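One structure is given below, encoded as structure tokens.
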Amino acid sequence: MSKKVRVRFAPSPTGGLHLGGVRTVLYNYLFAKQHKGDFVLRIEDTDQSRYIAGAEEYIIDCLKWCGLNPDEGPHVGGDYEPYRQSQRKDFYKEFAEQLVKDGHAYYAFDTPEEIEAMREKQKAEGKHTLHYDHSTRGSMHNSLPLSPKETKEIIDAGTPYVIRIKIHPGEIISFEDMIRGTVEFNTDNVDDKVLLKADGMPTYHLAVVVDDYLMKITHAFRGEEWLPSAPVHILLWKYLGWINDMPKWAHLPLILKPDGNGKLSKRDGDRLGFPVFAMNWTDPKTGELIKGFKELGFLPEAFINLLAVLGWNDGTEQEIYTLDELIEKFSIERVHHAGAKFDYEKAKWFNHEWIKKLPVASWQLTVKNNFINRGLLIEDDNKFNKVLELVKDRCTLLTDFYEQSVFFFVAPEKIDVDSIKPKWNDNKQMFFIELVRAFELIQQWQHDDLENTFKEIAAAHQLKPGELMLPLRIMLVGGKFGPGVFDIASVIGKEETVKRIKYTLGLFV
RNA sequence: GCCGCGUUGGUCAAGAGGUUAAGACGCCUCCCUUUCACGGAGGAAUCACGGGUUCGAGUCCCGUACGUGGUACCA
């Protein structure tokens, strides 16, 4: 009987939830759900200097919007509380002390200045590694050469200290990554990482191991930027005596900038005009607002979909997936090894596909609120839905609906008369005057009747409907866009149609 | 610098020794459409380089180049 699958997303609440972060959540979530396991949210807030108010709530809101809700977490509780590392301080200290006792870690009393001096010295000697490691720890200020009694005296005297892991050189640490296969590291290149900071808080390295163990995590998926510190974590699992319970690892490829090179950052979004965060994030310190996919008009279904296939595919030609399909088909082994450049054009294509795929009712409210925010109140839901249905083919973002359909509710402010003037003549003028008269008499204000009336009068004036259609369109919508003219006329109604034609006609005299 | 990871069209990518090297986005052309889209049909465009192994290599091995990540009392 294998253990129940348990995965975790462990963000540091420092503000904003990045695309890559959401993808990590998604892969965790898909894997957990596929295996009928648990998805836990753990807040890695061990760096007090980076505390950002509201960041934790923001992350939870983002997950909620995406529909990737954790089974356990600080907001919902669970069997392994607490889920904030700042509240689990005592656990870490206990295990760090244990490691010291077992000879796998030691106290270090060096000040930052002393460490900096050591690095400078190494640099001056032309050494390549600027590490606190087996080659340098002998000359540093730590408990290694001291007796337990001496050490205790220093600590009791109030000397600030950290606890460092003691890495033995010359060992090969290897492990199986679910995506990359066997990965090897030589401990010659790994330094004596700090496990417990001077303020008593653990570093990520200690905390992640302790919590993954205590929370019975079976599979740990994280960004590729963690790969180099994997040997430290593995050693910790070993030294703590838990190696048989170590989760299986998977290091996810990074999401890169679309142009140039490097990891995608929030700055790139500003620079290139696309969102990087899931939802709007306002930095409480600077007041700076970073735009989110949600507010820019993305559907969560599309956001999830595009993230899922950025670095993963099921080997078929399918590209559009519902969350349930993803849960069924996702496989961590098929995740690409290389980083992927983010392509905003394709992201928008996904959104467009989802707008067309989903029933209007599922996003109608979002668009409605969007209209309200722009000062357009919607009273007639029936008409509103009809309009959305009519224009959805030409909207890639939810925010596009406004421009594509305001004219259904308010007469256009500007009429593009320049597009009709050059070919305007008295005959056309006469045609429209008569059209207005005929429209006013129509009993059944319906698409087909309007079109027939239009064509009959055109024929009577020996005009081709084609040369009349564009002027009519411009009179109704203001420009050269929008759905079929008679669809528009039938929705806005007789009174409004007649009014708009008359208005434009008035511009010619 | 050192260590790790990676490298198929502009982008996302399929491909697990023998294929005309899929597909999608974007771009271009045409059709449909009496606007713009949607839809449909085409098109241009790719295995980083050099050595091996093999009858045969995008696929396996080794180098090189390039990219990327790490190298903190940040995660």
Side-chain angles (χ1 to χ4, degrees), chain A residues 10-14 44-47 49-50 85 108 110-112 115-116 119 123 126-132 160-164 177 179-180 183-186 188-191 193-205 207-208 222-231 251 253-254 256-263 306 309-320 334 336-350 352-353 356 391-396 404 419 455 458 464-474 477 479-485:
Chain A
S12 175
T14 49
E44 309 229 337
D45 55 348
T46 54
D47 187 355
S49 67
R50 295 217 296 172
Q85 291 186 330
D110 316 88
T111 63
I115 292 172
E116 190 47 39
R119 293 208 174 100
K123 209 191 265 179
K127 291 219 178 115
H128 297 308
T129 54
L130 272 27
H131 285 162
Y132 196 122
Y161 67 91
V162 301
I163 293 180
R164 285 180 182 273
D177 186 280
I179 295 174
R180 292 153 212 282
V183 181
E184 284 188 350
F185 292 89
N186 188 319
D188 284 354
N189 304 308
V190 351
D191 58 340
K193 285 263 179 279
V194 169
L195 264 20
L196 199 74
K197 301 186 258 188
D199 63 3
M201 280 289 191
T203 58
Y204 172 81
H205 308 295
V208 72
R222 59 188 354 177
E224 192 186 342
E225 68 266 33
W226 291 109
L227 202 43
S229 54
H251 291 87
L254 268 11
L256 310 169
K257 300 175 199 292
D259 62 342
N261 310 307
K263 227 176 5 170
L306 73 93
V309 298
L310 191 58
W312 170 85
N313 72 82
D314 70 356
T316 70
E317 285 180 13
Q318 185 173 356
E319 291 203 274
I320 303 297
R334 284 196 64 91
H336 223 247
H337 298 190
K341 288 185 181 169
F342 179 66
D343 181 356
Y344 190 49
E345 291 308 315
K346 182 121 191 199
K348 285 193 290 192
W349 175 81
F350 274 107
H352 194 188
E353 291 302 306
K356 289 187 284 179
V391 304
K392 68 177 183 181
D393 279 352
R394 50 209 96 208
C395 298
T396 44
Q404 290 297 330
S419 292
K455 285 183 173 165
K464 277 185 246 163
E467 17 180 1
L468 269 8
M469 208 73 101
L470 189 66
L472 212 216
R473 163 178 301 283
I474 291 178
V477 321
K480 290 190 258 187
F481 62 98
V485 215

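Throughout, protein chains are lettered first and strands after them, A, B, ... in sequence-line order, and every chain is numbered starting at 1. In this text the structure is predicted, and so the values were computed from the model without any measurement.
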Give the rounded distance in Å between these two atoms: CG of A:Leu470 and C1' of B:rU34.
-> 9 Å
Separation of the P atoms in B:rA48 and B:rA21, to the nearest angstrom = 15 Å
B:rG69 versus B:rC30 - spacing of their C1' atoms, nearest Å = 47 Å
Check every strand shown and say whether A:Val190 touches a base, only sugar-phosphate, or nothing at a heavy-atom separation below 4.0 Å.
-> nothing
Whole-Å distance separating the CG atom of A:Asp191 from the P atom of B:rC74 | 13 Å
Should we say atom NZ of A:Lys464 is surrounded by more than 12 heavy atoms from elsewhere, each under 6.0 Å from it?
-> no
Rounded P spacing from B:rA65 to B:rU29 in Å | 43 Å
Answer yes or no: is there a donor N or O on one side and an acceptor on the other, between the side chain of A:Gln318 and the main chain of A:Ile320, under 3.5 Å?
-> yes
Partner of B:rG58 by Watson-Crick or G-U wobble geometry, both contacts under 3.5 Å, or none?
-> none
State whether A:Arg180 and A:Glu224 are salt-bridged, where the test is any N-O pair (Lys NZ or Arg NE/NH1/NH2 against Asp/Glu carboxylate O) under 4.0 Å.
-> yes
Looking only at B:rU35, B:rC73, B:rC5, the nucleotide nearest the A:Arg394 side chain is B:rU35
Remember a base hit wins even if backbone is also touched, and classify A:Arg222 as base, sugar-phosphate or nothing at under 4.0 Å, heavy atoms.
-> nothing
Partner nucleotide, any strand, of B:rG23 [Watson-Crick/G-U, under 3.5 Å] = B:rC12
Given side chain to side chain contact (heavy atoms under 4.5 Å, CB included), test A:Phe350 with A:Val309 step by step and report yes or no.
-> CA-CA 11 Å; A:Phe350 274 107; A:Val309 298; 3.5 Å; yes
What heavy-atom pair brings A:Ala458 and A:Leu468 nearest, and what distance separates the two atoms?
-> CB-CD2, 3.7 Å
According to the Watson-Crick and G-U wobble definitions, with both distances under 3.5 Å, which nucleotide is paired to B:rG63?
-> B:rC49
5′-ward residue of the pair A:Lys193/A:Asn189 relative to RNA chain B | A:Asn189
Is A:Arg394 close enough and on-axis enough to A:Phe481, meaning under 6.0 Å and within 45°, for cation-pi?
-> no
Does A:Met201 reach the side chain of A:Asp47, with side-chain heavy atoms less than 4.5 Å apart?
-> no
Minimum-distance nucleotide to A:Lys356 side chain [options: B:rC3, B:rG39, B:rC25] | B:rG39
Against the side chain of A:Lys455, the closest entry in B:rU34, B:rG15, B:rA75 is B:rU34
Whole-angstrom distance between B:rU53 and B:rU11, as gauged at atom P = 33 Å
Which part of the nucleic acid, if any, lies within reach of A:Thr14 when heavy atoms closer than 4.0 Å are counted: base, sugar-phosphate only, or nothing?
-> nothing
Contact class for A:Val162 vs. all strands (heavy atom < 4.0 Å): base, sugar-phosphate, or nothing?
-> base
Which one, B:rC25, B:rU34, B:rC3, comes nearest to the side chain of A:Glu345?
-> B:rC25
Of A:Leu130 and A:Thr46, the one whose closest nucleotide on RNA chain B sits nearer the 5' end is A:Leu130
With a non-hydrogen cut-off below 4.0 angstrom, is A:Lys263 in contact with a base, only sugar-phosphate, or nothing?
-> sugar-phosphate
Determine the interatomic distance between C1' on B:rA75 and the same-named atom on B:rC38; round to the nearest Å.
-> 46 Å
Rounding to a whole Å, what distance do you find between A:Phe350:CZ and B:rC25:C1'?
-> 8 Å
Report the distance from atom CG of A:Asp188 to atom P of B:rU71, rounded to the nearest whole Å.
-> 19 Å
Mind checking the P distance from B:rG58 to B:rG9? Whole angstroms is fine.
-> 15 Å
Among the candidates B:rU71, B:rA22, B:rG69, find the nucleotide nearest to the side-chain atoms of A:Leu254.
-> B:rG69
Classify the nucleic acid contact of A:Asp110 as base, sugar-phosphate or nothing, counting any heavy atom under 4.0 Å across all strands shown.
-> base
When all nucleic acid strands are considered with a 4.0 Å heavy-atom cut-off, which category describes A:Gly262: base, sugar-phosphate, or nothing?
-> sugar-phosphate
Applying the 3.5 Å cut-off to both distances, the Watson-Crick or G-U partner of B:rU71 turns out to be B:rG1
How is A:His131 classified with respect to the nucleic acid when contacts are heavy atoms under 4.0 Å: base, sugar-phosphate, or nothing?
-> sugar-phosphate
Roughly, in whole Å, what's the span from CZ in A:Arg50 to C1' in B:rA72?
-> 11 Å
Please measure how far the P atom in B:rG63 lies from the corresponding atom in B:rG40, and state the result in whole Å.
-> 49 Å
So, A:Arg50 side chain and A:Asp45 main chain: donor-acceptor pair closer than 3.5 Å or not?
-> no
Letter by letter from the 5' end, nucleotides 6-13 of chain B scores (B base, S sugar-phosphate only, - none; protein heavy atoms under 4.0 Å) SS---BSS
For the pair A:Lys197 (side chain) and A:Thr46 (backbone), establish whether a donor and an acceptor sit closer than 3.5 Å, ignoring hydrogens and angles.
-> yes
Whole-Å C1' distance, B:rG52 and B:rA13 | 29 Å
Of the nucleotides B:rG69, B:rC73, B:rC74, which has the atom closest to the A:Pro228 side chain?
-> B:rG69
